[in-house]
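These notes concern the structure reproduced below.
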Amino acid sequence: MSRRYRPSSPSPTRALACSAALLAAWASRAAAPAPALAAAPAEPLTTVAERSGFQHTGRYEEVATLAAAFQARYPDRVAARSFGTTPEGRPMQLLVVTATGAFDAAEARRRGLPVVLVQGGIHAGEIDGKDAGFLALRQVLEGQAAPGALDKVVWLFVPVFNVDGHERFGAWNRPNQRGPVEMGWRTTAQNLNLNRDYLKADAPEMRAMLRLVQEWDPLAMVDLHATNGAQFEHDISFQVEPLHAGDPALRAIGRQWRDAVIDDARRHGSLPLPFYPSFVIQDDPASGFEDGVAPPRFSHGYFLLRNRLGMLVETHSWKPYPERVRTTRNAIVSVLGQMARHGAQWRHTALDADARATRLGGQEEPLAWKATQDSRTVDFRGYAYTRTPSDVSGALMTRYDETRPQVWQVPLRDQAVPVLTAVAPAAGYLVPPAWAEFVQPSLEAHGVAFQRLAADWPQAPVQAFRADRARTDATSTEGRQRLALEGAWKREPRDVGTGALFVPVAQPLSRLVLALLEPQAPDSLAAWGRFNLAFERKEYMEDYVAEDVARRMLAADPALRAEFERRVAADPAFAGDPAARLDFFYRRHASWDERYGLYPVLRLDQPPPGT
């Protein structure tokens, strides 16, 4: 069902030309050097995008050139730095922008300054954030946007996160995107998707980003993208966490921040959305939309675990590139303005959330969320469309008519509830020494606190998780064979050796600890296959040996015989499976590997001795 209305904008082709001209003219107002510097030659502070009327984007060498030029022009406000090196040897560029003089993370912390990290090009084909960020940077420095904001905040700007992907340049790298003429590639040189890597942190680029995050502890992180998908009139969407999940006080701030940025976008003429516009059923507009909480493989799902704010910004890929740059620029300026007005207060709330997180032990905490089936009807500004069988693919295909805007009335499911929870251990987690090297790099990458046991701990009073079922995916995801475990924690004293890792829950990153170490959490180390070895069966009993063992066990244990006979009578599948029948006895024999299926991380309700 839809409602027609008359379009108030020109055709897409004409809009492309108009928007390019308007944005180029608008940007050029800030392109001239300030009067005091007019006599001195200086590097231009405009991008290839601006000089081309926002039809092209520059190669990565432009980023370093611009960073150096901004630092030279504004040495008291801009510091250009590298924060890592990519697998192909390229420096990862960072600009630290502030009028406070706090170009050092320790100084920013000492003075209680809010730090906001704005990240472009995590998917390097969606490069709006780079060109919009440099445009916003110049206008903010020249006082034409977010006046006074730099007096109150430290802005960290990463123009391109996926640098190697950026240099895999091509005209058809984003076939469902209008401009620029050429752009980078979605994944890194190692074919990793960085926006699936925040928690598992496999990519060198991600580990560099996490070092930056540990160093500066940004109050807010803004991740700049362009969408995939359908054609419609809305030009930008904003998703923020904490909002549905995380610390309750930070949820209120997340909603306040999101709504304020959306209001600013509307004032600039945008049609913003508070959810990512992906249909519940792919390619079917009538199915509507679903909002929820992203797992921590994604940027905004990750930062809520740190008790910090994460914002996902998605411009609409079918809008012309000049429009996408404009709306992204407006979003950056709005974020800086909101952080200047409220950041100091919000930072205090975030630090209070850190303190609350140290007391999470013994409490039930959500690990995964899902929208309920409850929905409400929303007006969504789309286009007239048809759904007819295709003579090419044979599938039912949706075709949009951009000359006929419509208001779709579609369902939106946005009531997110926990679908997986865990009670945090009262004390923390214990990683036996044999598995410490599997876990320690992840803890260090995220800045999670841990201690090493200096002595053996015989018969430690731990809880152990034994898998009733372990199922690996048939294919790899991000180079890993994901694992789903079914089972439960049970008290089971075990000997723990010297060198085991104790990971306390009593720390600000307690939610991150649970996300990493609870075996059923969606992006845990276990879920990403880090412990698959523990669930591989390595020792067997030959069938002829198992036959003799089974007969001796049946003769010696009448209760076992009765259990076996009941199983044969009640379970036809078991009765007809010779291997399962022999396995029944093997699992009860002294030769059975008692570590098979044992998750190699333990839980503690009391801290280890000496910690």
Side-chain angles (χ1 to χ4, degrees), residues 114-117 119 195 198-199 210 213-214 217-223 237-262 274-276 290-313 335 338-339 342-343 345-372 414-425 446-449 505-518 520-524 527:
V115 176
V116 57
L117 169 61
Q119 169 188 284
N195 206 30
Y198 272 89
L199 199 62
L210 292 175
V213 167
Q214 283 192 57
D217 186 22
L219 169 66
M221 185 272 192
V222 181
D223 193 5
S237 69
F238 300 92
Q239 284 184 289
V240 168
E241 290 296 342
L243 192 153
H244 298 294
D247 182 86
L250 285 178
R251 294 187 199 185
I253 287 174
R255 186 174 297 277
Q256 178 187 353
W257 184 36
R258 184 201 67 181
D259 292 350
V261 173
I262 284 177
F275 57 87
Y276 182 82
E290 179 182 298
D291 194 15
V293 180
R297 70 192 69 171
F298 299 98
S299 60
H300 58 306
Y302 172 75
F303 276 85
L304 78 87
L305 300 179
R306 302 189 72 95
N307 308 312
R308 299 298 182 263
L309 300 164
M311 175 181 282
L312 175 68
V313 179
V335 163
Q338 295 298 327
M339 286 295 154
H342 305 291
Q345 173 192 344
W346 291 350
R347 184 175 179 275
H348 283 301
T349 304
L351 294 177
D352 290 343
D354 286 347
R356 287 189 289 273
T358 66
R359 301 188 291 272
L360 207 64
Q363 299 181 34
E364 188 173 25
E365 181 66 19
L367 300 176
W369 298 70
K370 179 71 174 173
T372 70
D414 59 354
Q415 299 300 311
V417 297
V419 292
L420 177 65
T421 64
V423 176
H446 296 286
V448 171
V505 167
Q507 59 176 301
L509 298 180
S510 57
R511 288 186 177 87
L512 186 51
V513 170
L514 266 67
L516 284 167
L517 298 181
E518 276 297 318
Q520 294 173 306
D523 284 329
S524 67

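Because only heavy atoms are used, hydrogens play no part in the values below, and waters and symmetry mates are left out as well, while side chains stay in.
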Self-check item: Salt-bridge contact E241-R251 (side-chain N to carboxylate O under 4.0 Å)
Solution: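 Looking at E241 and R251, the cut-off is not met.
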Can you find a heavy atom in the side chain of [X] that is under 4.5 Å from one in the side chain of [Y]?
X: V423; Y: Q363; value: no
X: P274; Y: I262; value: yes
X: L420; Y: P366; value: no
X: M311; Y: D223; value: no
X: Q119; Y: V222; value: no
X: L243; Y: I253; value: no

Exercise. Working to the nearest 0.5 Å, report the span between OG of S510 and CZ of R356.
Key: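 Those atoms lie 11.5 Å apart.
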Practice problem: To the nearest 0.5 Å, tell me how far L219 CG sits from F303 CZ. | Solution: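 If we round to the nearest 0.5 Å, L219:CG and F303:CZ are 11.0 Å apart.
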Self-check item: Exercise: do T358 and Q507 side chains pair donor with acceptor under 3.5 Å
Solution: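 Per modelled atom types, T358 and Q507 side chains form no pair under 3.5 Å.
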Exercise. Quick one: do S524 and L517 satisfy side-chain contact (heavy atoms from CB on, under 4.5 Å)? Show the steps, please.
Key: CA-CA 6 Å; S524 67; L517 298 181; over 6 Å; no
Self-check item: Partners passing salt bridge (Lys or Arg N to Asp or Glu O under 4.0 Å) against D414 (at least two apart in sequence or in another chain)
Solution: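 Only R376 meet the salt bridge (Lys or Arg N to Asp or Glu O under 4.0 Å) criterion with D414.
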Practice problem: Kindly write out the residues that satisfy salt bridge (Lys or Arg N to Asp or Glu O under 4.0 Å) with R308, not counting sequence neighbours, or none if the list is empty. | Solution: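 Listed in chain order: D217, D354.
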Which heavy atom of [X] sits nearest a heavy atom of [Y], and at what distance?
X: V505; Y: A424; result: CG1-CB, 4.4 Å
X: G292; Y: A416; result: CA-CB, 4.2 Å
X: A220; Y: M339; result: CB-CE, 3.4 Å

Practice problem: Please check if the distance between the ring centroids of Y198 and H300 is under 6.0 Å. | Solution: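 Not close enough - the centres of the two rings lie 6.0 Å or further apart.
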Quiz item: When H446 is tested against each of L305, V213, L512 for side-chain contact (heavy atoms from CB on, under 4.5 Å), which residue passes?
Solution: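 Among L305, V213, L512, the one that satisfies the side-chain contact (heavy atoms from CB on, under 4.5 Å) with H446 is L512.
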Quiz item: If only atom types and distance count, is the side chain of T349 paired as donor or acceptor with the main-chain N or O of L250 below 3.5 Å?
Solution: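 Here the side-chain-to-backbone pair does not exist.
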Quiz item: With sequence neighbours left out, which residue pairs that include part of residues 293-303 fulfil the salt bridge (Lys or Arg N to Asp or Glu O under 4.0 Å) condition?
Solution: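 Salt bridge (Lys or Arg N to Asp or Glu O under 4.0 Å) check on residues 293-303 returns R297-D523.
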